[in-house]
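Report on the structure given below.
So that the names make sense, note that chain A is the first sequence line, chain B the second, and so on, each numbered from 1.
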There are 2 protein chains.
Amino acid sequence: MTSLHQRIFEDIEQKIMSGVWPPGQRIPAEHELEVTYGCSRMTVSKALSALAARGMIVRRRRAGSFVASPQMDRTVMDISDIGTEAKVAGHAYGHRILSRRIERLGTAEAAAIGEAAGAEVARVECLHIVDARPNALEKRLILLDAVPQARDETFEASPPGSWLLDQVPWSEAKHIIRAVSADAATAKLLTIERHAACLLLTRQTWQNGRTVTFVEITHPGDRYQFAGVFHPSK
Amino acid sequence: MTSLHQRIFEDIEQKIMSGVWPPGQRIPAEHELEVTYGCSRMTVSKALSALAARGMIVRRRRAGSFVASPQMDRTVMDISDIGTEAKVAGHAYGHRILSRRIERLGTAEAAAIGEAAGAEVARVECLHIVDARPNALEKRLILLDAVPQARDETFEASPPGSWLLDQVPWSEAKHIIRAVSADAATAKLLTIERHAACLLLTRQTWQNGRTVTFVEITHPGDRYQFAGVFHPSK
DNA sequence: CCTGTCTATTTGTATAGTCAAAATGCGGGA
DNA sequence: TCCCGCATTTTGACTATACAAATAGACAGG
């Protein structure tokens, strides 16, 4: 007994999530949807407004409604540099690909991310540098089944995260934040002391129930933090 | 040039946030608001639906609309025990008040939280215990100006966080998550090794622009994590 | 070609109703 | 007294309509 505006909402959501309507795609005008669903404009409008409120579409007068760009590979909270909080603008950002190769998932790792062993993946390690200091070490798996274009991508032009945004439409994601002690290799790359506390962000992204990418990002704990303001009305 | 339904939304939001309408308070029925604002029911309904969508009110047929209970002192993400993730139910929870005293804010601390030095605060330290193991150390400041009832509260019955939920209506909050190494005192209380990585959650809560409480919660990094699933449609 | 204007399209806001579903709390019956 | 059923209130869903605001794209003028 779902209501009509809810059905329209879910219908369009599904089209966006499955990639049938990619980011930037124009959504039929309210008038057209009113015909396809055989209802009044108010009902269509309610569904579209809800989608807009959730950030899945962007609406512009006269132009129409468009599928928004996904934010699947963005952290839930902002990552900020503890030392230079005020300095918002003027960050010099860069990245360095440490390694990149195509391989097949081992059984242990496959089980950990809930995919079949033997699946082909691109394994990428990338160091993120802000203002000449390393601020994150990224270890990523990209399932070639879901993103075949990743096979021949070097990620030199744009880091894997941003690159994926342009390839995969919409998805769901799970974030986990842990505190860990840096191992020797990580400490060296991030130029911090061994055993220093680090923030470890793990994110797994799915589309249609299948894993797209799995990434671990390690931040130096003494320099970076996750922050977010939440007035209940937002 | 704000629209009418938006004005109604903000008007009611303000009443809730400022505490004029405390949690559980019944909101005038749509029909009554339609009279007070001199508009149609649809317009009122739109505003109330938006408030309901944001979790600020709960609506029930025939009964009416009610101000929801605040979630101001809840973490944005769930805190879960890494070792026993499956075991959702059946946690034995307890807490122990380590210290509690009334004092005045020093200049350094006052500056850090953006309040005037010399303001009276209750300073509470509390250890949270889940399944016989300490899982969090809480260091909290409560501004007596905002919550005078805290002066004579022992927090033995319920920990400061839950206690505050019943005292302060609605508020805004800022969360910060850091990774830190445990100092000697913290390590001993949490029964972990010195310098072990810990998750440090800092939360500051305001009401009407004035700080209500400021809290630092330290979790053992090897046993606890923050996790959240985010399908963009939620 | 470039620039300013005009128009038609599309979303935003609002009204005024109808019918449906839920559930509270009352009154009547055992 | 207690319990059950029903009437009434209140929210939920939807229609049909109206006008306002923005602006993309066509068109005219320099």
_Given Leu51(A), which partner from the list Ile27(A), Val67(A), Ile8(A), Ile57(A) fulfils the side-chain contact (heavy atoms from CB on, under 4.5 Å) test?_
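One option only clears the test, and that one is Ile57(A).
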_Angle by which the axis turns from one end of the helix from dC1(C)-dG30(D) to dA30(C)-dT1(D) to the other, five pairs per end, to 10 degrees_ =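 Taking five pairs per end, the axes differ by 10°.
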Just N and O in the side chain of [X]: are any of them under 4.0 Å from OP1 or OP2 of [N]?
{"X": "Arg26(B)", "N": "dT10(D)", "result": "yes"}
{"X": "His31(A)", "N": "dT10(C)", "result": "no"}
{"X": "Arg59(B)", "N": "dT10(D)", "result": "no"}
{"X": "Thr43(A)", "N": "dT15(D)", "result": "yes"}
{"X": "Ser3(A)", "N": "dA13(D)", "result": "yes"}
{"X": "Ser45(A)", "N": "dG12(C)", "result": "no"}

*asked:* So Ser65(A), base contact, sugar-phosphate only, or nothing? Heavy-atom distance under 4.0 Å.
replied: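 Counting heavy atoms under 4.0 Å across all strands, the contact made by Ser65(A) is with sugar-phosphate only.
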*Contact class for Arg60(A) vs. all strands (heavy atom < 4.0 Å): base, sugar-phosphate, or nothing?*
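The residue Arg60(A) makes sugar-phosphate contact but no base contact.
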*Under-4.0 Å salt bridge between Arg59(A) and Glu30(A)*: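 Answer for the salt bridge query: yes.
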*Check whether more than 12 heavy atoms from other residues, nucleotides or ligands sit under 6.0 Å from atom CZ of Arg26(B), and answer yes or no.*
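Yes, enclosed.
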*What's the closest nucleotide to the Leu4(B) side chain, out of dA14(C), dT10(D), dG12(C)?*
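Between dA14(C), dT10(D), dG12(C), the one nearest the side chain of Leu4(B) would be dA14(C).
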When the distance from [atom1] of [X] to [atom2] of [N] is rounded to whole Å, what number comes out?
{"X": "Glu34(B)", "N": "dT13(C)", "atom1": "CD", "atom2": "C1'", "value": "16 Å"}
{"X": "Ile27(A)", "N": "dT9(C)", "atom1": "CD1", "atom2": "P", "value": "21 Å"}
{"X": "Tyr37(A)", "N": "dT15(D)", "atom1": "OH", "atom2": "P", "value": "14 Å"}
{"X": "Met42(A)", "N": "dT15(D)", "atom1": "CE", "atom2": "C1'", "value": "9 Å"}
{"X": "His5(B)", "N": "dT15(C)", "atom1": "NE2", "atom2": "P", "value": "12 Å"}
{"X": "Glu30(B)", "N": "dT15(C)", "atom1": "CD", "atom2": "P", "value": "13 Å"}
{"X": "Lys46(A)", "N": "dA13(D)", "atom1": "NZ", "atom2": "C1'", "value": "7 Å"}
{"X": "Arg41(B)", "N": "dT15(C)", "atom1": "CZ", "atom2": "C1'", "value": "13 Å"}

*asked:* Using side-chain heavy atoms (C-beta onward) and a distance below 4.5 Å, is Ile217(B) in contact with Arg203(B)?
replied: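 In short, these two side chains touch, coming nearer than 4.5 Å.
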*Checking only heavy atoms, does the side chain of Arg61(A) share a donor-acceptor pair with the base of dT11(C) at less than 3.5 Å?*
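Yes, a donor-acceptor pair under 3.5 Å.
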*asked:* Let's test your reading of the model: under 3.5 Å, does the base of dA24(D) pair with the side chain of Arg62(A) as donor and acceptor?
replied: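 Yes.
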*Does the pair Arg151(B) and Glu120(B) meet the rule for a salt bridge (charged side-chain N to carboxylate O under 4.0 Å, His left out), with working shown?*
CA-CA 10 Å; Arg151(B) 188 185 295 273; Glu120(B) 270 197 315; 2.7 Å; yes
